[in-house]
Number of protein chains: 2
Amino acid sequence: MEPDEALRRALRLAVDPPAGVSIEAVRELARDDDASEWNIATAAKHLGVSPHTLRYYERIGLVRVARDAAGHRRYDAPAVRRLVFVTRMRVSGMSISDLRHYVDLADAEQDTVSERMDMLLEHRDTLRSQIAQLQLALAATEYKIATYQEVHQL
Amino acid sequence: MEPDEALRRALRLAVDPPAGVSIEAVRELARDDDASEWNIATAAKHLGVSPHTLRYYERIGLVRVARDAAGHRRYDAPAVRRLVFVTRMRVSGMSISDLRHYVDLADAEQDTVSERMDMLLEHRDTLRSQIAQLQLALAATEYKIATYQEVHQL
DNA sequence: CCTTGCGTTCGAGCGCGCTCAAACCCCTAC
DNA sequence: GTAGGGGTTTGAGCGCGCTCGAACGCAAGG
């Protein structure tokens with residue numbers, strides 16, 4: 001078994017939430033049973049962002065990252081999972097400040113589940129309308145392409 | 001018939017390219033047979049952007065807009081169609097500079113169809129992967145929502 | 001010992017896409 | 001005549017999200 005197998009597994013689970021997942025997978029994600037960790041370059045590569053961006057995300061409080069003896073960042077499974085979530089939300093248009101609010105709630109001691117739920121529900125709606133928008137744009141683009149092709153045949 | 005019926009029709013046609021459209025619709029879109037025009041406030045309202053933005057788009061060459069006797073902008077059907085296209089492409093992530101390139105080609109004298117086709121094809125691919133990304137994000141979000149709900153029931 | 005390479009912190013800079021403000025113009029209604 | 005509400009032009013400003021640079025630290029290899 002590769003040394004960072006657990007990290008890759010966490011990454012994959014977070015990346016591809018299967019259709020019928022449930023408590024099982026949550027527990028899996030919640031387990032921190034592997035000592036394997038990534039340095040910033042490796043983490044950046046797997047997450048598809050730059051090391052600069054990873055440092056930036058940590059600086060603004062989106063993720064907490066441990067240090068090794070030399071003071072270098074070590075990305076463990078929880079950090080990677082958080083970053084997968086963060087990058088996904090960023091890519092899907094959630095603003096940095098909303099994301100900060102969300103992770104502040106997630107990191108809080110108290111029960112903030114209902115407020116986070118509200119944010120998630122709202123983001124879900126945003127995503128749905130975004131997708132609808134993009135599908136409209138796609139239809140328009142394909143329509144234009146088809147038109148050009150037809151015109152070209154005249 | 002409302003005075004700006006033709007403009008609304010142009011807007012609708014450009015907004016909702018029906019599945020099986022063809023030359024017919026193109027001709028319809030291409031006809032400039034109506035004298036009705038919009039002022040900047042009306043155009044902005046219908047296009048869902050601010051007057052500021054409309055002036056900005058004109059300034060950077062994305063659209064040409066005529067003036068009335070008083071020097072006020074008059075948005076006719078071609079301008080509206082162009083702006084529908086522009087806003088759709090913007091919303092779907094095409095950069096201003098790419099759009100400028102595209103409309104420069106479209107406004108050029110020469111035959112630039114093939115180059116525009118290339119841009120459209122590329123944008124189509126971008127749109128498809130964007131949609132895929134968003135659907136992933138949506139799945140992840142719904143997964144998280146479902147998880148919270150299950151946890152809440154425990 | 002010294003270079004190479006990878007990391008650190010912190011503040012500053014930047015590109016994009018608007019967004020605004022100032023000074024002005026014109027038309028209509030009172 | 002004048003107040004109000006729409007519009008115009010231009011250059012400047014701004015918020016976001018990185019992105020970079022400078023100065024430094026540490027550890028391994030030649």
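Just so it is clear: chains get the letters A, B, ... in the order the sequence lines come, proteins before strands, and each one is counted from 1.
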Using OP1 and OP2 only, check whether a side-chain N or O of [X] sits under 4.0 Å from [N].
X        : N       : answer
Tyr57(B) : dC18(C) : yes
Arg59(A) : dT9(C)  : no
Arg90(B) : dG17(C) : yes
Asn39(A) : dC6(C)  : no
Arg73(A) : dT8(C)  : yes

Legend entry - Along DNA chain C (nearest heavy atom to each residue), the more 5'-positioned of Thr53(B) and Gly71(A):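 This one resolves to Gly71(A).
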
Inset, instruction - Check every atom of dT19(D), dG17(C), dG7(D) against the side chain of Ile40(B) and return the nucleotide holding the closest atom. - result: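 The answer is dG7(D).
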
Does the side chain of [Y] come within less than 4.5 Å of [X]'s, by heavy atoms?
X         : Y         : result
Gln110(A) : Leu105(A) : no
Asp76(B)  : Trp38(B)  : no
Tyr75(B)  : Leu54(B)  : yes
Ile40(A)  : His72(A)  : no

[N] [atom2] sits how many Å from [X] [atom1], rounded?
X        : N       : atom1 : atom2 : result
Glu58(A) : dC10(C) : CD    : C1'   : 13 Å
His52(B) : dT9(D)  : NE2   : P     : 13 Å
Met94(B) : dG17(C) : CE    : P     : 12 Å
Lys45(A) : dC6(C)  : NZ    : P     : 13 Å
Arg74(A) : dT8(C)  : CZ    : C1'   : 14 Å
Leu54(A) : dT19(D) : CG    : C1'   : 13 Å
Ile96(B) : dC16(D) : CD1   : P     : 19 Å
Ile60(A) : dT19(D) : CD1   : C1'   : 14 Å

Inset, instruction - Tell me who clusters with Leu138(A), hydrophobic residues only, linked when side chains sit under 4.5 Å apart either directly or through other members. - result: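 Listed partners: Leu127(A), Ile131(A), Leu134(A), Leu127(B), Ile131(B), Leu134(B), Leu138(B).
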
Inset, instruction - Please say whether more than 12 non-hydrogen atoms of neighbouring residues, nucleotides or ligands are located less than 6.0 Å from CZ in Arg124(A). - result: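 Buried by this count: over 12 neighbours within 6.0 Å.
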
Legend entry - Donor on one side chain, acceptor on other, Arg116(B) and Tyr102(B), under 3.5 Å: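 Their side chains do not contain a donor-acceptor pair, so the 3.5 Å distance test is not met.
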
Inset, instruction - Decide, yes or no, whether a salt bridge links Arg73(B) with Glu37(B) under the criterion of side-chain N to carboxylate O below 4.0 Å. - result: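 The answer is no: the pair does not qualify as a salt bridge.
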
Inset, instruction - Identify whether any heavy atom of Arg67(B) sits under 4.0 Å from a base atom; if not, whether one sits that close to sugar-phosphate; answer base, sugar-phosphate or nothing. - result: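 Sugar-phosphate: the residue Arg67(B), judged by heavy atoms under 4.0 Å, touches backbone atoms but no base.
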
Inset, instruction - Check every strand shown and say whether Arg55(A) touches a base, only sugar-phosphate, or nothing at a heavy-atom separation below 4.0 Å. - result: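 Result for Arg55(A) = base.
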
Inset, instruction - Please list residues of residues 122-133 of chain A whose heavy atoms come under 4.0 Å from any atom in DNA chain C, ordered by number; otherwise none. - result: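 The answer is none.
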
Legend entry - Working for salt bridge (Lys or Arg N to Asp or Glu O under 4.0 Å), residues Arg82(A) and Asp107(A): CA-CA 11 Å; Arg82(A) 168 63 63 85; Asp107(A) 290 345; 2.8 Å; yes

Inset, instruction - Check the hydrophobic clustering (I, L, V, M, F, W, Y; side-chain heavy atoms under 4.5 Å; chains of links allowed) and say if Val65(A) and Val49(A) are grouped together. - result: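 Yes, because Val65(A) and Val49(A) connect within a single hydrophobic cluster, where side-chain heavy atoms sit under 4.5 Å apart.
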
Can you check nucleotides 25-30 of chain C for protein contacts, nitrogen or oxygen pairs under 3.5 Å, and list what you find?
none

